[in-house]
Amino acid sequence: MQIREGPARRQAPSAAGALRSPLSAMMLAMFATMASFYVAGRLWQDAQNRVYLIKELDRRTGQGQSAISVDDTLKVVACRQQGKRLASLEMELAAAKHEGFVGKYTPETNGTHSGKKPLVVIGIMTSFGRKNYRDAVRKSWLPTGSMLKKLEEEKGIVVRFVVGRSANRGDTFDREIDDENRSTKDFLILDDHIESDEELPKKTKSFFANAANTFDAAFYAKVNDDIYINVDTLSAMLETHWDKPRVYIGCMKSGEVFSDSTHKWYEPDWWKFGDGKSYFRHASSEMFVISRAIAQFISINKSVLRTYAHDDVSVGSWMIGLAVKHVNEAKLCCSSWPSGAMCSAL
């Protein structure tokens with residue numbers, strides 16, 4: 001009889017298979033643990049980033065604590081306050097000098113300047129190619145050589161021709177001015193200014209700033225190089241203004257603001273002067289005087305002082321916001337030749 005074979009029996013797992021199963025489970029557990037650490041780490045890092053971003057946002061918007069300590073913040077504020085106070089003290093010091101806290105130029109000195117402090121520094125605005133005008137000034141009212149020095153020492157009147165530098169530094173124009181100055185020694189050369197007719201307002205600002213830093217004078221005057229000055233009359237007039245620490249003296253005027261670009265006196269910023277298109281009161285450009293406190297103010301703030309198309313309007317605009325005494329001095333109306341005039345057109 002033939003015996004049928006039954007279905008084959010399944011073999012029992014080998015010893016190797018039995019070992020692989022626990023090993024796989026262990027590796028899976030390790031992998032799961034490492035994944036858990038990784039996820040936890042990322043969550044912690046994201047949380048830290050959110051905290052940093054919130055702090056940074058608070059710092060920039062001013063809602064949170066400052067990035068610097070309270071002490072450091074107070075030091076910064078104190079430094080800023082000291083800077084403002086220093087500028088204020090410089091103006092107050094200049095005012096105090098005018099009021100007699102230092103030796104000053106008075107009629108009792110019998111017309112002589114006993115100290116080193118000048119009474120007035122007169123800046124004559126000139127430019128390249130105007131040597132004939134400068135020579136005319138020297139022949140008419142401005143002494144030369146030793147007499148110029150005597151005017152400074154005895155009467156406290158310093159006079160300088162004011163000119164900038166050429167756009168092409170060191171060219172023929174610059175060399176001619178340097179040669180002339182070596183001979184006459186009567187120039188104040190503005191190395192920080194490029195000479196240009198269109199930049200006269202900036203030149204006037206630069207003159208007052210440089211003059212205030214160079215000469216410790218009581219007054220500073222700006223005059224054109226085609227104007228004659230009676231220095232004795234000017235000196236006598238200035239003596240009457242010692243009691244005014246912030247004074248602005250000149251032939252005060254106003255006038256139309258021209259918006260036509262083809263006009264000689266065109267003002268690009270005409271729209272700023274309102275519908276009436278009229279300038280505020282200001283001293284004529286031919287000649288005007290400011291006291292030391294004002295000159296120091298210009299020196300300190302020259303980088304932010306706005307200039308307009310004309311230098312007289314520019315200076316007048318700076319005076320509007322200051323506690324300045326405006327003096328309308330008819331004797332400084334050089335073109336009209338008033339009685340007892342201190343100046344006249346050459």
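Every value quoted in this text rests on a predicted model; they were computed, and no experiment measured them.
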Exercise. Taking atom CZ of F187 as the centre, does the number of heavy atoms from other residues, nucleotides or ligands within less than 6.0 Å exceed 12?
Worked result: yes

For this session: Report the C-alpha distance between F128 and D174 in whole Å, list the side-chain angles of each, state the deciding distance to 0.1 Å, and finish with yes or no for side chain to side chain contact (heavy atoms under 4.5 Å, CB included).
Result: CA-CA 8 Å; F128 304 134; D174 280 350; 3.8 Å; yes

Contact between [X] and [Y] at the side-chain level, heavy atoms closer than 4.5 Å - yes or no?
{"X": "D311", "Y": "V313", "value": "no"}
{"X": "F208", "Y": "K222", "value": "yes"}
{"X": "H241", "Y": "V327", "value": "yes"}
{"X": "S314", "Y": "K202", "value": "no"}
{"X": "L234", "Y": "I122", "value": "yes"}
{"X": "D312", "Y": "Y279", "value": "no"}
{"X": "E152", "Y": "V159", "value": "no"}

For this session: Determine, step by step, whether T126 and R134 satisfy the side chain to side chain donor-acceptor pair (under 3.5 Å) criterion, reporting the C-alpha distance in whole Å, the side-chain angles of both residues, the deciding distance to 0.1 Å, and the verdict.
Result: CA-CA 8 Å; T126 189; R134 294 191 290 273; 2.9 Å; yes

Exercise. Does the pair M147 and L151 meet the rule for a side chain to side chain contact (heavy atoms under 4.5 Å, CB included), with working shown?
Worked result: CA-CA 6 Å; M147 296 303 295; L151 179 68; over 6 Å; no

Exercise. Residues two or more places apart in sequence or in another chain: which of them pass side chain to side chain donor-acceptor pair (under 3.5 Å) with D191?
Worked result: R165

For this session: On the 0 to 90° scale, with breaks at 30° and 60°, tag the Y228-W141 ring pair as parallel, tilted or perpendicular.
Result: perpendicular

Exercise. Which pairs pass disulfide (SG to SG under 2.5 Å) with one or both residues in residues 225-266, sequence neighbours excluded?
Worked result: C251-C333

Exercise. So, the side chain of R246 versus the backbone of K325: is there a donor-acceptor pair under 3.5 Å, distance only?
Worked result: no

Hydrogens and angles aside, do [X] and [Y] bring a side-chain donor and acceptor to less than 3.5 Å of each other?
{"X": "D186", "Y": "T184", "answer": "yes"}
{"X": "D171", "Y": "S166", "answer": "yes"}
{"X": "S254", "Y": "R281", "answer": "no"}
{"X": "N210", "Y": "T214", "answer": "no"}

Seminar exercise, completed: Closest heavy-atom pair, D243 versus T240, reported as atoms and distance to 0.1 Å, is OD1-O, 3.6 Å

Problem set entry | Nearest heavy-atom neighbours spanning S291 and P245 | OG-O, 2.8 Å

Problem set entry | CA sep, side-chain torsions, deciding dist, call: T307, W318, side chain to side chain contact (heavy atoms under 4.5 Å, CB included) | CA-CA 9 Å; T307 56; W318 307 335; 3.9 Å; yes

Exercise. Can you name the residues that form a ring pair (Phe, Tyr, Trp, His ring centres under 6.0 Å) with F207, not counting sequence neighbours?
Worked result: none

For this session: Tell me, please, which residues at least two apart from Y220 pass ring pair (Phe, Tyr, Trp, His ring centres under 6.0 Å).
Result: none

Problem set entry | With E195 via salt bridge (charged side-chain N to carboxylate O under 4.0 Å, His left out) - residues at least two apart | K203

Seminar exercise, completed: Those residues at least two apart in sequence (or on a different chain) that pass salt bridge (charged side-chain N to carboxylate O under 4.0 Å, His left out) with K205 are none

For this session: Would you sort out whether H326 and M319 count as a side chain to side chain contact (heavy atoms under 4.5 Å, CB included), showing the intermediate values?
Result: CA-CA 9 Å; H326 287 61; M319 303 299 110; 3.8 Å; yes

